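Below you'll find the structure, written out as structure tokens, and then a few comments.
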Amino acid sequence: MLSLKPDLILVWGTSEAIEGLKKIAPVLAWEFNRDPVTGWRTAFLETARALNQTQQAQKVLRDYDAQMRVWRGRLAPFVAKNPRVTSLFLYNEQFTGVFGPKFNYSIALARLGFRLANVPGVEIKDGSYQPVSPEALATISRSNTDFVLYIRAKTPDGRYPELTSERVLKTTQVPLYRYELDLQEPQGGPITDLRRAEKIARLLLGR
């Protein structure tokens, strides 16, 4: 870092290295997921101010909001019938993760009009995510969620191998949609959010 001679350092807000980095150059520290409502927006504007790009950033946000309204409008009929979504992801071979309200995928879903539904009996202490067992997944039902969005990576040949967690979820009779994991996870920004909104909309609307 010293050899790079930076004028400004951008760093994750909870990094233990912040104090040491401040000795090298001014530091702007933020957490993109710190707010389940604004998500990355605050950090985006803070970064823009630090780089004297506030006007450009505000235009980006106006364009983002306009396009998000388009996708929200297209999804409105689906949301009206299925407002509650449980957002899951493959944690490891034994456990599935459930996203809380502070995770970027959850924020994108909220902006599209959905309400996040947790797995019954599971507490997500920091609002980010929590691994859950297959037994916990069996408690999901139409009484506590309308559908499951399962975020997963495909194999190199483009398949979704069936997992133990998926076999359990199928027994619940709750509609299950597979969403292909993208490389921007877990943080996001206007470009990533709009790509996710479009992908989610097309997935749920069957287009």
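The model shown is predicted, which means the values in this text are computed figures rather than measured ones.
Environment of OH in Tyr129: sparse, with no more than 12 heavy atoms of neighbouring residues, nucleotides or ligands closer than 6.0 Å.
Distance check: Glu180 CD to Lys154 NZ gives 4.5 Å after rounding to the nearest 0.5 Å. Note that CE of Met68 is 5.0 Å distant from CG of Asp193, once rounded to the nearest 0.5 Å. For the atom pair CZ of Phe44 and CD of Gln58, the computed distance is 10.0 Å after rounding to the nearest 0.5 Å. Here the CG atom belonging to Asn118 is positioned 4.0 Å from the CD1 atom belonging to Ile124, to the nearest 0.5 angstrom. In this structure, CG in Leu112 is found 12.5 Å from CD1 in Ile107, a value given to the nearest 0.5 Å.
Annotation: salt bridge (Lys or Arg N to Asp or Glu O under 4.0 Å) contacts of Lys23 (sequence neighbours excluded): none. For Ile151, the side-chain contact (heavy atoms from CB on, under 4.5 Å) test picks out Ser87, Phe89, Phe99, Tyr105, Tyr179, Leu181, with sequence neighbours left out. In terms of the side-chain contact (heavy atoms from CB on, under 4.5 Å) criterion, residue partners of Arg84 (sequence neighbours excluded) are, by chain and number, Arg115, Ala117, Thr145, Asp146. Looking at residues two or more places apart in sequence or on another chain, you find a side chain to side chain donor-acceptor pair (under 3.5 Å) between Asp63 and Lys59. The salt bridge (Lys or Arg N to Asp or Glu O under 4.0 Å) test applied to Lys170 returns Glu162, not counting sequence neighbours. A search for side chain to side chain donor-acceptor pair (under 3.5 Å) contacts involving Glu198 returns Arg202, not counting sequence neighbours. Contacts of Pro120 classified as side-chain contact (heavy atoms from CB on, under 4.5 Å), with partners at least two apart in sequence or in another chain: Thr139, Ile140, Asn144. Remark: Arg159 engages Asp157 in a salt bridge (Lys or Arg N to Asp or Glu O under 4.0 Å) (not counting sequence neighbours). Applying the side-chain contact (heavy atoms from CB on, under 4.5 Å) test to Lys125 and every residue at least two apart in sequence or in another chain returns Glu123.
What you find for Ser128 and Phe103 is that their closest heavy atoms are OG-CD1, 3.3 Å. Listed here is the closest heavy atom pair of Val27 and Val11: CG1-CG1, 3.4 Å. When all heavy atoms of Leu21 and Met1 are compared, the pair lying nearest together is CD2-CE, 4.0 Å. Residue Arg72 comes nearest to Arg111 through the heavy atom pair NH1-O, 2.7 Å, listed as atom of the first residue, atom of the second, then distance. Residue Leu116 comes nearest to Pro101 through the heavy atom pair CD2-N, 3.6 Å, listed as atom of the first residue, atom of the second, then distance. Contact record, Ser165 with Tyr150: OG-OH, 2.8 Å, taken as the closest heavy-atom pair.
Side-chain contact between Tyr177 and Ile200: absent, with no pair of heavy atoms (C-beta onward) separated by less than 4.5 Å. For the pair Thr96 and Leu163, the minimum side-chain heavy-atom distance is 4.5 Å or more. Side-chain contact between Thr172 and Val148 is absent, with no heavy-atom pair separated by less than 4.5 Å. Between Leu204 and Asn82, every side-chain heavy-atom pair lies at or beyond the 4.5 Å cut-off.
Under a 3.5 Å cut-off, the side chain of Thr47 and the backbone N or O of Ala43 do form a donor-acceptor pair.
For residues 133-142, no residue pair satisfies the salt bridge (Lys or Arg N to Asp or Glu O under 4.0 Å) rule, not counting sequence neighbours. For residues 108-127, the pairs satisfying ring-ring contact (aromatic ring centres under 6.0 Å, His included) are Phe114-Phe147, with sequence neighbours left out.
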Checklist entry - Could you go step by step and tell me if Tyr64 and Ile191 meet the side chain to side chain contact (heavy atoms under 4.5 Å, CB included) rule? => result CA-CA 8 Å; Tyr64 164 84; Ile191 295 174; over 6 Å; no
Item to check | Leu169/Val174 under side chain to side chain contact (heavy atoms under 4.5 Å, CB included): CA gap, chis, key distance, verdict | outcome: CA-CA 7 Å; Leu169 288 167; Val174 175; over 6 Å; no
Side-chain polar contacts of residues 48-55 - donor-acceptor pairs under 3.5 angstrom, sequence neighbours left out - could you list them?
{"residue": "Gln53", "atom": "OE1", "partner": "Gln56", "partner atom": "NE2", "Å": "3.0"}

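Linking Ile, Leu, Val, Met, Phe, Trp and Tyr residues whenever their side-chain heavy atoms come within less than 4.5 Å places Leu205 and Leu194 in a single cluster.
Partner of Leu109 under the side chain to side chain contact (heavy atoms under 4.5 Å, CB included) criterion, chosen from Val79, Val85, Asn104: Val85.
Residues Thr164 and Arg167 have side chains that bring a donor and an acceptor to within less than 3.5 angstrom of each other.
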